[in-house]
Amino acid sequence: MLTQSFDAVVIGAGSVGLPTALFLADAGVSTLVVDQFAGPGQGSNKAAIGGVRATHSTPAKIRLCLESIRIFSTWEQVHGDSLEWAQGGYAFVAYREQDERSLKDLLKIQHSYGLNIRWLDRQELLDLAPGLNPSGLRGGTYSPEDGSASPLLSACAFHAQAARRGVQFRFGERVTGIIRRRGKVVGVRTDKGGYATGTVVNAGGAWARSVAQTAGLDVPVIPDSHEAGITEPVTPFLVPMVVDIRPTDGSRNYYFYQHRPGGVVFCITPDPPIVGTDRRETSAYLPMIARRMVGLIPRLANVKVRRTWRGLYPMTPDGSPIIGWAPEPEGYLNAVGMCGQGYMLGPGIGSLISRMVQRKTTAEDGQILQELRADRDFGGVEALK
Ligand SMILES: Cc1cc2nc3c(=O)[nH]c(=O)nc-3n(C[C@H](O)[C@H](O)[C@H](O)COP(=O)(O)OP(=O)(O)OC[C@H]3O[C@@H](n4cnc5c(N)ncnc54)[C@H](O)[C@@H]3O)c2cc1C
């Protein structure tokens with residue numbers, strides 16, 4: 001039995017679902033959010049280390065993240081609570097000629113989209129991040145308007161603001177079916193009941209494919225596992241997010257920054273990918289990343305690691321999200337496949353989804369949706385995925 005009726009039901013209270021619910025409520029759309037876990041942000045959101053950048057290599061992600069940066073950076077002023085937003089920028093470092101070349105090639109694309117990013121020579125980079133190992137350092141890119149915020153504080157803040165605006169949340173409840181009648185969505189079924197609605201947003205993250213399958217659809221989102229960690233808080237010494245794209249045995253790039261309370265937060269991309277939904281941390285991760293980080297910033301050898309964890313990237317074949325209405329059933333909307341960037345994309349995507357549900361998209365939204373449509377050619381791969 002469908003006990004209650006809503007204009008929209010959002011499946012997933014994560015990096016995407018929470019801002020989506022907030023912006024839907026802002027637009028006066030009565031909204032229910034259903035999540036299988038016990039509270040907001042308990043899927044991949046809480047695993048994210050909080051990096052937020054607009055410096056991508058494709059226009060849709062750039063535009064969505066510029067909007068996210070606007071929302072993160074003004075949140076405290078607008079709502080009064082802190083997300084620990086810090087505009088420290090991103091620095092991609094180059095120790096190899098090939099990395100210098102590929103980062104400089106990317107700069108051309110990024111400049112063509114109007115992004116504030118530039119090449120720093122070796123000394124400029126050492127002035128920005130004085131602890132960097134100078135041996136073999138060639139320089140790197142720096143994008144001062146990028147930054148970081150706390151995914152945990154963000155989830156709580158988006159949840160609280162959405163609830164204040166009347167959004168209803170059902171935690172510990174799993175969506176098991178999307179009910180359709182004559183080609184249209186009419187409700188969702190859960191393990192505890194059901195709700196009537198004409199609009200369903202799949203914001204199911206790493207589990208989005210099984211959510212789509214409950215509507216008789218498929219979407220190419222395949223989860224893989226990534227580990228992260230945090231050190232004890234120390235005196236501020238590192239301003240930007242540092243990204244090292246050199247591959248080594250067992251891993252590709254890794255990235256880390258010092259967040260506002262002082263801990264260094266870090267994450268690595270395993271190679272080959274660890275496909276699946278295993279969220280148990282391993283004993284192999286810390287020795288692997290610690291060696292790389294201490295090689296890059298030797299003084300990190302003096303800092304103690306407090307905790308490590310593992311979470312999931314909801315991957316698509318080309319590293320970009322899939323956003324859009326399904327041709328059928330009418331009223332079913334995908335906001336899935338955030339890969340390693342769902343935290344930074346979330347507010348921008350939430351704002352876009354709200355305009356889609358209100359049928360008030362702009363010409364720029366149309367271009368974003370064209371790029372992120374589900375039936376695109378997945379052959380290309382985004383350079384900074
Ligand atoms: C170690 C690590 C570091 C990362 N660092 C960053 C970073 O610095 N910056 C960045 O932008 N991103 C980062 N990410 C990626 C980011 O965490 C994800 O891309 C993002 O959280 C995905 O958002 P989402 O809303 O799609 O999924 P989630 O946040 O996982 O939300 C999806 C929700 O849907 C719910 N759900 C799914 N199926 C159902 C169902 N059937 N019924 C009810 N509920 C359901 C889940 O319970 C979940 O809560 C990192 C990820 C990891 C693992």
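Just the heavy atoms: all of them, side chains too, but no hydrogens, waters or symmetry mates, feed the values below. As the structure lists them, so they are numbered: ligands from 1, and atoms in each ligand from 1.
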Novice: Check each atom of ligand 1 against the heavy atoms of R174 and keep those under 4.0 Å away; list them by number with element.
Specialist: 40 (C), 41 (N), 42 (N), 43 (C)
Novice: May I ask you to identify the nearest protein heavy atom to atom 6 (C) of ligand 1, giving residue, atom name and distance to one decimal place in Å?
Specialist: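 Result: A48 CB, 3.6 Å.
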Novice: Should one rank V10, V175, I268, V52 by closest heavy-atom distance to atom 41 (N) of ligand 1, which comes out on top?
Specialist: V175
Novice: Could you check whether R246 makes a cation-pi contact with Y95, meaning its NZ or CZ is under 6.0 Å from the centre of the six-membered ring and within 45° of the ring axis?
Specialist: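 Yes - R246 lies over the ring of Y95, closer than 6.0 Å to its centre and within 45° of its axis.
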Novice: In terms of ring plane angle, is the pair H226 and Y313 parallel, tilted or perpendicular, where the classes change at 30° and 60°?
Specialist: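 Answer is parallel, since the angle falls under 30°.
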Novice: Assess the pair Y285 and W309: is the distance between their ring centroids shorter than 6.0 Å?
Specialist: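 Distance test on ring centres: not under 6.0 Å, no.
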Novice: Is E227 close to ligand 1, meaning an N/O of one under 3.5 Å from an N/O of the other?
Specialist: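 The answer is no, given that E227 and ligand 1 share no N or O pair closer than 3.5 Å.
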Novice: Using distance alone, decide if ligand 1 has a nitrogen or oxygen within less than 3.5 Å of any nitrogen or oxygen in H226.
Specialist: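 For ligand 1, there is no N or O atom that lies under 3.5 Å from one belonging to H226.
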Novice: State which residues pass side chain to side chain contact (heavy atoms under 4.5 Å, CB included) with L369; sequence neighbours excluded, sorted by chain then number.
Specialist: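 Expected list: I323, L352, M356, T361.
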Novice: Relative to the heavy atoms of A228, which atoms of ligand 1 are at a distance of less than 4.0 Å?
Specialist: 1 (C)
Novice: Tell me if the CD atom of Q77 is crowded by more than 12 foreign heavy atoms within 6.0 Å.
Specialist: no
Novice: Could you walk me through whether E100 and R138 satisfy the salt bridge (charged side-chain N to carboxylate O under 4.0 Å, His left out) test, starting with their C-alpha distance in whole Å, then the side-chain angles of each, then the deciding distance to 0.1 Å, before giving a yes or no?
Specialist: CA-CA 7 Å; E100 176 172 351; R138 306 173 73 89; 2.7 Å; yes
Novice: Where's the contact between R310 and ligand 1, heavy-atom distance under 4.0 Å: side chain, backbone, both or neither?
Specialist: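 Neither; nothing of R310 gets under 4.0 Å from ligand 1.
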Novice: I need the nearest protein heavy-atom contact for atom 34 (O) of ligand 1: residue, atom name and distance, please.
Specialist: G12 CA, 3.1 Å
Novice: Please state which protein non-hydrogen atom is closest to atom 5 (N) of ligand 1 and give its distance, to 0.1 Å?
Specialist: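 Checked against all protein heavy atoms, atom 5 (N) of ligand 1 sits closest to I49 N, 3.1 Å.
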Novice: Going by the atom numbers of ligand 1, which of them fall below 4.0 Å from some non-hydrogen atom of G51?
Specialist: 7 (C), 8 (O), 9 (N), 10 (C), 11 (O)
Novice: Got R122 and P134 here, is their nearest side-chain heavy-atom distance under 4.5 Å?
Specialist: yes
Novice: How close does the nearest protein non-hydrogen atom get to atom 31 (O) of ligand 1, and which residue and atom is it?
Specialist: G14 CA, 3.3 Å
Novice: N/O to N/O below 3.5 Å, does that happen between F37 and ligand 1?
Specialist: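 No; the residue has no nitrogen or oxygen that sits under 3.5 Å from a nitrogen or oxygen of the ligand.
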Novice: Does the N or O separation between A335 and ligand 1 drop below 3.5 Å for any pair?
Specialist: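 No; every N/O pair is 3.5 Å or more apart.
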Novice: Provide, to 0.1 Å, the distance between atom 20 (C) of ligand 1 and the closest protein heavy atom, together with that atom's residue and name.
Specialist: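 Sorting protein heavy atoms by distance from atom 20 (C) of ligand 1 puts S15 OG, 3.4 Å first.
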Novice: Can R70 be said to sit on top of W85's aromatic six-ring, NZ or CZ under 6.0 Å from centre and within 45° of the ring axis?
Specialist: no
Novice: Note the single closest protein heavy atom to atom 43 (C) of ligand 1, along with its residue, its atom name and the distance in Å.
Specialist: Q36 N, 3.2 Å
Novice: Mark up the atoms of ligand 1 that fall under 4.0 Å of a heavy atom belonging to V34, in ascending order.
Specialist: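 What qualifies from ligand 1 is 43 (C), 44 (N).
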Novice: So if I count the atoms of ligand 1 from 1 in the order they appear, which ones are less than 4.0 Å from some heavy atom of C267?
Specialist: 1 (C), 2 (C), 3 (C)
Novice: Looking at ligand 1, does any of its N/O atoms fall within less than 3.5 Å of an N/O of I11?
Specialist: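 I11 vs ligand 1: no N/O contact under 3.5 Å.
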Novice: Using a 4.0 Å heavy-atom cut-off, which part of V211 comes near ligand 1: side chain, backbone, both, or neither?
Specialist: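 Answer for V211: side chain.
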Novice: Looking at M344, which atoms of ligand 1 are within less than 4.0 Å of one of its heavy atoms?
Specialist: 9 (N), 10 (C), 11 (O)
Novice: Treat each ILVMFWY residue as a node, draw an edge where side-chain heavy atoms are under 4.5 Å apart, and state whether V221 and W207 are in one component.
Specialist: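 Looking at the clustering, W207 is in a separate group from V221.
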Novice: What I want to know is whether Y313 and ligand 1 share at least one N or O pair that is separated by under 3.5 angstrom.
Specialist: no
Novice: If hydrogens are left out, which of A203, G43, G346, G41 has an atom nearest to atom 32 (C) of ligand 1, that is, the closest non-hydrogen atom?
Specialist: A203
Novice: Rounded to the nearest 0.5 Å, what separation is found between the CD1 atom of I109 and the OG atom of S57?
Specialist: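 Here the interatomic distance stands at 6.0 Å.
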Novice: Show me which atoms of ligand 1 lie under 4.0 Å from any heavy atom of G204.
Specialist: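 The list of qualifying atoms is 32 (C), 34 (O), 37 (C).
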Novice: Check contact between K46 and ligand 1, using heavy atoms of the residue and a distance below 4.0 angstrom.
Specialist: no
Novice: For ligand 1 and W207, I'd like to know whether there is a polar contact (N/O to N/O, distance under 3.5 Å).
Specialist: no
Novice: Given P223, S44, A38, which one has a non-hydrogen atom that is nearest to atom 30 (O) of ligand 1?
Specialist: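 Shortest heavy-atom distance from atom 30 (O) of ligand 1: S44.
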Novice: Between D35 and R170, does any side-chain N to carboxylate O distance fall below 4.0 Å?
Specialist: no
Novice: Yes or no: does A206 have any heavy atom under 4.0 Å from an atom of ligand 1?
Specialist: no
Novice: Not counting sequence neighbours, which residues clear side chain to side chain donor-acceptor pair (under 3.5 Å) with R260? List them please.
Specialist: none
Novice: Count the heavy atoms of every other residue, nucleotide or ligand shown that sit under 6.0 Å from NZ of K184, and state whether that count exceeds 12.
Specialist: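 Incorrect, the count does not exceed 12.
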Novice: Take the angle between the ring planes of F6 and Y195 and call it parallel below 30°, perpendicular above 60°, tilted in between.
Specialist: perpendicular
Novice: Which is it for Y255 and F92 under the ring-ring contact (aromatic ring centres under 6.0 Å, His included) test, yes or no, and what are the steps along the way?
Specialist: CA-CA 9 Å; Y255 48 99; F92 281 70; 9.0 Å; no
Novice: Counting heavy atoms only, name the option from G205, G340, C339 that's nearest to atom 18 (C) of ligand 1.
Specialist: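 Nearest heavy atom to atom 18 (C) of ligand 1 lies in C339.
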Novice: How long is the straight-line distance from OG of S82 back to CH2 of W75, given to the nearest 0.5 Å?
Specialist: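 The OG atom of S82 is 11.5 Å from CH2 of W75, to the nearest 0.5 Å.
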Novice: Enumerate the atoms of ligand 1 whose separation from the nearest heavy atom of G50 is less than 4.0 angstrom.
Specialist: 7 (C), 8 (O)
Novice: Taking distance alone, with N or O pairs closer than 3.5 Å, would you say G311 contacts ligand 1?
Specialist: no
Novice: Check the pair L32, Q4 against side chain to side chain contact (heavy atoms under 4.5 Å, CB included), reporting the backbone distance first and the verdict last.
Specialist: CA-CA 10 Å; L32 170 73; Q4 273 180 285; over 6 Å; no
Novice: Would you kindly specify which portion of L312 sits under 4.0 Å from ligand 1, judged on non-hydrogen atoms: side chain, backbone, both or neither?
Specialist: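 L312 to ligand 1: backbone contact only, side chain stays beyond 4.0 Å.
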Novice: If you look at every heavy atom in D146 and S143, which pair is closest and at what distance?
Specialist: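 For D146 and S143, the tightest heavy-atom pair comes out as OD2-OG, 2.7 Å.
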Novice: Which residue supplies the protein heavy atom nearest to atom 2 (C) of ligand 1, what is that atom called, and how far is it?
Specialist: A47 O, 3.4 Å
Novice: State the CD1-CZ distance between I268 and F256, to the nearest 0.5 angstrom.
Specialist: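 It is 11.0 Å, given to the nearest 0.5 Å.
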Novice: Would you tell me which option among V16, V265, D35 has the nearest heavy-atom contact to atom 47 (O) of ligand 1?
Specialist: D35
